[in-house]
Protein chains: 2
Amino acid sequence: MAKIGIKQVAALSGVSIATVSRTLRNPEIVSEKTRQKVNDAVKKAGYKPNKMGSSLRTQESGNIVVIIPDVTDPFNSGIICAIEREAQKLGYSVLLGDTQNDPKRAEQYAEMVEYGQADGILLFSYNLPIDVTPDENGQVNLPPIVNVCESTAYENIHKVMVDDEEGARKATQHLIDLGHKRIAVITGNENTTTNQNRLAGYQKALINAGIELDDRLIMQGNYQIDSGVEQTKKLLLFKDRPTAIFCFCDLMAMGAVKVLHDNGYAVPNDMSVIGFDDIKFAEFTYPAISTVRQPVDEIGKTCMHQLYKLLKDKPAEQYIELKTDLIVRDSTGPAPKG
Amino acid sequence: MAKIGIKQVAALSGVSIATVSRTLRNPEIVSEKTRQKVNDAVKKAGYKPNKMGSSLRTQESGNIVVIIPDVTDPFNSGIICAIEREAQKLGYSVLLGDTQNDPKRAEQYAEMVEYGQADGILLFSYNLPIDVTPDENGQVNLPPIVNVCESTAYENIHKVMVDDEEGARKATQHLIDLGHKRIAVITGNENTTTNQNRLAGYQKALINAGIELDDRLIMQGNYQIDSGVEQTKKLLLFKDRPTAIFCFCDLMAMGAVKVLHDNGYAVPNDMSVIGFDDIKFAEFTYPAISTVRQPVDEIGKTCMHQLYKLLKDKPAEQYIELKTDLIVRDSTGPAPKG
DNA sequence: AGTTTTTCATAAAACGTTTACATAATACTG
DNA sequence: CAGTATTATGTAAACGTTTTATGAAAAACT
């Protein structure tokens with residue numbers, strides 16, 4: 001069984017290969033009659049246009065690569081899922097670029113566009129895996145790339161962000177409203193912009209409420225569940241324990257709740273816990289975790305659309321900021337008396 | 001700035017393009033001297049070989065597509081992560097094929113190899129998205145594909161499976177050993193092979209222990225967390241409640257534990273719960289969930305290696321079965337007296 | 001009928017590689 | 001040193017498309 005390419009289809013339908021190609025890509029410019037013939041032949045032969053051939057010719061791979069630290073994180077996998085759905089609608093395939101937090105790997109993935117393996121990049125990271133030193137003409141030539149959630153220092157790049165500061169402010173305010181005064185945080189990785197913004201939001205809320213900042217209540221986590229566990233343990237050792245813990249992601253909140261339970265604390269009666277992200281299972285833990293919802297589907301959809309515009313040389317907003325929602329569930333409650 | 005291709009590098013280093021290509025792909029067959037020249041030119045020009053060009057010529061995309069129902073499931077994302085790591089080592093990129101449980105999409109992803117967009121398939125599904133009706137010569141020509149975890153009915157295909165039956169048997173036996181007699185299960189999607197095998201394991205363990213089967217204790221779940229919630233609620237309505245629940249995945253176990261807590265049951269004192277998979281956060285819930293560990297990294301690694309063999313026309317084992325481990329944590333305990 | 005316009009199809013030239021084959025250069029043999 | 005084996009390079013033909021000229025045929029005007 002000889003391999004069937006466009007040539008075979010052309011022969012079968014008695015037209016030139018150019019006509020076959022046109023029938024498939026620009027049906028409207030070929031006459032009804034020949035279109036029919038060609039389509040029949042395509043179907044009969046079971047012709048599948050070779051992607052590499054067309055990619056080579058059009059100089060478009062039809063792929064995008066999403067560079068993300070860890071697919072295993074439920075927040076990330078939620079985003080990826082949303083992206084993929086949207087990418088497919090727009091005719092793109094997604095290459096997975098799980099970096100495992102390794103900048104080297106991020107660079108390798110980013111290079112995919114230089115190699116023509118991908119047309120654009122969706123970047124979830126605060127460090128830029130591409131070179132932005134200007135060339136002799138002072139021009140930086142960026143690949144189509146949109147920076148999502150985590151912001152790189154490089155300004156001149158399209159971004160889709162979440163209002164982390166406001167989100168954190170709302171969470172903190174929620175705790176304050178419940179009467180909490182000693183509110184600890186377990187942060188994410190120190191250098192991430194999400195972390196910095198959330199921290200700012202937390203501090204602003206406290207200041208705003210006239211609560212003195214206490215750096216001892218700022219525990220350094222890393223967005224991973226174990227750090228939620230570790231840091232909570234440390235907090236419990238304090239003589240003047242906090243009455244509430246704001247974790248910068250739900251995963252750490254899960255870890256916190258776990259430690260609290262393990263040590264006989266009731267949540268929220270003895271200690272309130274609030275997370276961030278609203279991952280899928282936040283509502284299925286016990287108690288259901290109060291959190292700040294990030295609009296995962298919207299993030300995925302938006303960043304893919306932004307990238308699409310760049311890919312198609314259409315104008316795209318330089319900066320888009322999405323809003324969060326405070327989701328109050330059962331892990332936050334009034335501050336214990338005394 | 002003209003685009004730099006192999007031609008420019010050839011010109012720059014004063015050799016033919018063939019030599020450049022050889023220097024890059026088969027350095028050993030080109031003389032030390034010219035190799036030097038070429039490599040210098042490559043570096044100076046910042047040459048990045050175009051993937052589409054080479055793919056077209058070699059008829060290899062260098063991509064594999066992993067077809068999986070839902071990246072958002074922590075078990076799945078764990079696997080994907082493992083696969084990706086291994087794929088990279090072997091020089092392959094991974095295209096994400098999240099089907100959202102839609103067979104249509106699975107077929108589309110599978111077609112990627114017909115279109116030359118991917119070289120092989122890693123399939124996590126019990127229905128086959130490719131056509132296996134024999135041609136005129138009675139031959140089926142399969143793409144390079146390995147079927148993982150979930151088994152399709154089609155025998156003549158390479159598989160990497162987990163011993164689900166034994167895993168389920170061990171879990172059930174563990175409960176039996178703790179004195180439980182009324183052991184409910186919350187199953188996965190009815191048609192999946194994993195589900196059938198786990199069910200078989202459960203039943204065999206019971207029979208083996210001389211415990212009468214009670215179909216009312218078999219609750220139909222779907223591997224999603226909400227179904228753990230729903231089905232557990234139903235179980236609690238029974239006059240003769242079970243004393244233990246075996247959930248066919250950890251997610252459903254989380255749901256079960258949640259419902260139990262919400263309704264005032266202590267786990268494991270009033271009711272034991274055991275899961276399956278050992279997803280990353282199983283140990284961080286409260287109580288930490290006892291479960292049957294699937295060797296996620298090994299699964300990912302093994303199936304990728306198997307696929308690699310197929311891709312390189314090397315002999316590959318038709319069937320590989322990996323073992324599970326019983327992980328006893330805190331959600332299972334002795335059956336309540338009386 | 002002759003001219004212009006429109007529509008449709010073709011031939012051929014890319015796209016950027018790799019590689020079979022041919023040739024040139026070098027090393028080895030007796 | 002001629003003759004042969006070996007090694008290193010170059011030439012040119014693929015790989016499977018899309019698309020730009022280009023031309024032929026058909027349709028629409030004088």
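Only heavy atoms go into these numbers, but all of them, side chains included; no hydrogens, no water, no symmetry mates. Nothing here was measured: the structure is a model prediction, and the numbers come from that model. Convention: sequence-line order gives letters A, B, ...; per-chain numbering from 1.
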Once you round it to whole Å, what is the distance between P of C/dT17 and CE of A/Met52?
14 Å
Atom CD of B/Glu32 and atom C1' of D/dT9: how far apart are they, to the nearest Å?
16 Å
For B/Asp119, the side chain to side chain donor-acceptor pair (under 3.5 Å) test, sequence neighbours excluded, returns B/Ser61
Expressed as a whole number of angstroms, how long is the span from A/Glu114:CD to C/dG16:P?
15 Å
Would you mind reading off the distance between B/Lys3 atom NZ and C/dT17 atom P, rounded to a whole angstrom?
8 Å
So which one's nearest nucleotide on DNA chain D is more toward 5', B/Arg35 or B/Gly53?
B/Arg35
Closest to the side chain of B/Ser16, out of D/dC15, D/dA8, D/dT11, is D/dT11
Tell me, please, which residues at least two apart from A/Lys159 pass side chain to side chain donor-acceptor pair (under 3.5 Å).
A/Ser151
Assess the side chains of A/Ser125 and A/Glu150: does a donor N or O sit below 3.5 Å from an acceptor N or O?
no
For nucleotides 19-27 of chain C, print each protein N/O atom paired with a nucleotide N/O atom at under 3.5 Å, atom names and distance only.
{"from": "C/dT19", "atom 1": "O4'", "to": "B/Arg57", "atom 2": "NH2", "distance (Å)": "3.2"}

Length of the CG-C1' vector between A/Leu24 and D/dT19, whole Å:
15 Å
At under 4.0 Å, does any side-chain N or O of A/Gln59 touch on OP1 or OP2 of C/dG16?
yes
Taking atom P of C/dG16 as reference, at what distance in whole Å does atom CG of B/Leu56 sit?
12 Å
Which is true for B/Tyr47 with a 4.0 Å heavy-atom rule: it touches a base, it touches only sugar-phosphate, or it touches nothing?
sugar-phosphate
Per the salt bridge (charged side-chain N to carboxylate O under 4.0 Å, His left out) rule, what does the pair list look like for residues 75-94 of chain A, sequence neighbours excluded?
A/Glu84-B/Arg105, A/Arg85-A/Asp297, A/Glu86-A/Lys89
Measure CD1/B/Ile6 against P/D/dT11 and give the value in whole Å, please.
14 Å
Just the rounded figure in Å: distance from P of C/dA11 to NZ of A/Lys7.
13 Å
Partner set under side-chain contact (heavy atoms from CB on, under 4.5 Å) for B/Val65, not counting sequence neighbours:
B/Ile67, B/Leu95, B/Tyr109, B/Met112, B/Ala118, B/Ile121
Please tell me whether B/Gln88 and A/Gln108 have a donor and an acceptor in their side chains that are separated by less than 3.5 angstrom.
yes
Pairs meeting criterion salt bridge (charged side-chain N to carboxylate O under 4.0 Å, His left out) with involvement of residues 18-32 of chain B, two or more places apart:
B/Glu32-B/Arg35
Residue list, side chain to side chain donor-acceptor pair (under 3.5 Å) with B/Asn39, at least two apart or on another chain:
none
Using OP1 and OP2 only, check whether a side-chain N or O of B/Thr34 sits under 4.0 Å from D/dA8.
no
Polar-atom pairs under 3.5 Å, protein N or O versus N or O of nucleotides 22-28 of chain D: list them with distances, or write none.
none

So the salt bridge (charged side-chain N to carboxylate O under 4.0 Å, His left out) pairs with at least one residue in residues 303-312 of chain B (sequence neighbours excluded) are B/Lys309-B/Glu317
